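Here is the structure we will look at.
Protein chains get the first letters and strands the later ones, always in sequence-line order, with residue 1 at the start of each. All values derive from a computational prediction rather than experimental measurement.
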Number of protein chains: 2
Amino acid sequence: MNIGDAADLSGLPAKTIRYYEDIGLVKPLRSSNGYRTFRESDAHKLAFLGRARALGFTIEDCRNLLALYEDEERASAVVKEIAKQHLERIDGKIAELKEMRATLAHLVQECAGDHRPDCPILADLAMKRCDEDDRRKST
Amino acid sequence: MNIGDAADLSGLPAKTIRYYEDIGLVKPLRSSNGYRTFRESDAHKLAFLGRARALGFTIEDCRNLLALYEDEERASAVVKEIAKQHLERIDGKIAELKEMRATLAHLVQECAGDHRPDCPILADLAMKRCDEDDRRKST
DNA sequence: CGTTGACCTTCCAGCGGGGGGAACCAATAG
DNA sequence: CTATTGGTTCCCCCCGCTGGAAGGTCAACG
């Protein structure tokens, strides 16, 4: 099948599929007219990649996961380890975002949001770090 | 003051400060030897930018926030609106990450993680979307 | 006076993970 | 025969920096 069909089957844009070939994630054949020719297994791999990417795995994780998938003798422990590390990355990001969110939500709540120029949001951003007393008082 | 001092005061790497000048966020003077010369106000702006970035605001948001900060006649409503939109972006990302996390945590939990090759993580990634029955059963 | 080393300058490349679009061939329908 | 839809390669662009090369400047030391 051609790249368009592979794109439809896998749900990935053709551009992305070409990119994945470029970086060696898939290796479709070529027909005499120069078109990429995807086997069932290639389309299957692409769908695999799409799902792994949707879970936020990096390309390198995907490469490893794909290799493990192909390896009938893998130990599931290896797969689990990759997933666990990714889970930690996700947890880290969530924690980071939540902290931002908390600070920001607090500031938004404090801000009158009217025609007047007084704005605790700007005041906080402008806060000099030598004003530690102020921070201790308000925190 | 030179870029190194500005970097120390603002907490930003010198590279980043040069970049911020490049994109017009700060406009330090130049002394006769070609070195950038930062006023107190420049260092202050850089610190402002650092804190805005730490809250996850985009560079364009920062540009707007900085302009509002400089504008004594701003309406706090405008600032608040920027912050609220950013808050929504953050909430969106958190939701997305939490969904990933839930899926992934479930799979990790299911996986034995031993020497055997059977792995529900890989099985899920490899799951063909035509297997809708299976998904309905397990969901 | 020379030299060392810390600082500064510019420019160019690259990260991840593709997206947009040009310029060009191939296949097919009417 | 032409129009349309596909495919191909190519290179630049996005964000927000970061690293490195090649070179200029300045203060201190001997």
Counting only non-hydrogen atoms, which of residues 19-34 of chain A are less than 4.0 Å from DNA chain D?
Arg30(A), Gly34(A)
Less than 4.0 angstrom from a charged side-chain N to a carboxylate O is my criterion; do Arg63(A) and Glu60(A) meet it?
yes
Spacing between Tyr35(B) atom OH and dC26(D) atom P, to the nearest angstrom
6 Å
Using whole Å, what does the distance between atom C1' of nucleotide dT5(D) and atom CG of Asn2(A) come to?
12 Å
Outermost nucleotides of DNA chain C that come under 4.0 Å of a non-hydrogen atom of chain A:
dG17(C) to dA27(C)
Is the shortest side-chain N to carboxylate O distance from Arg116(B) to Asp118(B) below 4.0 Å?
no
Indicate yes or no for a side-chain donor-acceptor contact from Asp42(B) to the backbone of Arg39(B) under 3.5 Å, with no hydrogens or angles considered.
yes
Would you say the side-chain atoms of Arg53(B) pair up with the backbone N or O of Phe57(B), donor to acceptor, closer than 3.5 Å?
yes
Taking the side chain as every heavy atom from C-beta outward, state whether Leu97(B) and Ile94(B) have any pair of such atoms under 4.5 Å apart.
no
Just do the side chain to side chain contact (heavy atoms under 4.5 Å, CB included) check on Leu9(B) and Leu46(B) with the steps written out, would you?
CA-CA 9 Å; Leu9(B) 275 186; Leu46(B) 288 169; over 6 Å; no
Verify, without hydrogens or angle tests, whether Ser76(A) (side chain) and Gly113(B) (backbone) share a donor-acceptor contact under 3.5 angstrom.
yes
Between Tyr20(B) and Leu49(B), is any pair of side-chain heavy atoms under 4.5 Å apart?
yes
Mind listing the N/O atom pairs, protein and nucleotides 1-4 of chain D, below 3.5 Å?
none

Less than 4.5 Å apart, side chain to side chain, heavy atoms only: is that true for Arg36(B) and Ile17(B)?
no
Would you indicate whether the side-chain heavy atoms of Leu65(B) and His86(B) approach each other to under 4.5 Å?
no
Any base atoms under 4.0 Å from Arg36(A), or only sugar-phosphate, or nothing? Heavy atoms, all strands.
sugar-phosphate
Please figure out whether Ile3(A) or Ile59(B) has its closest DNA chain D nucleotide nearer the 5' end.
Ile3(A)
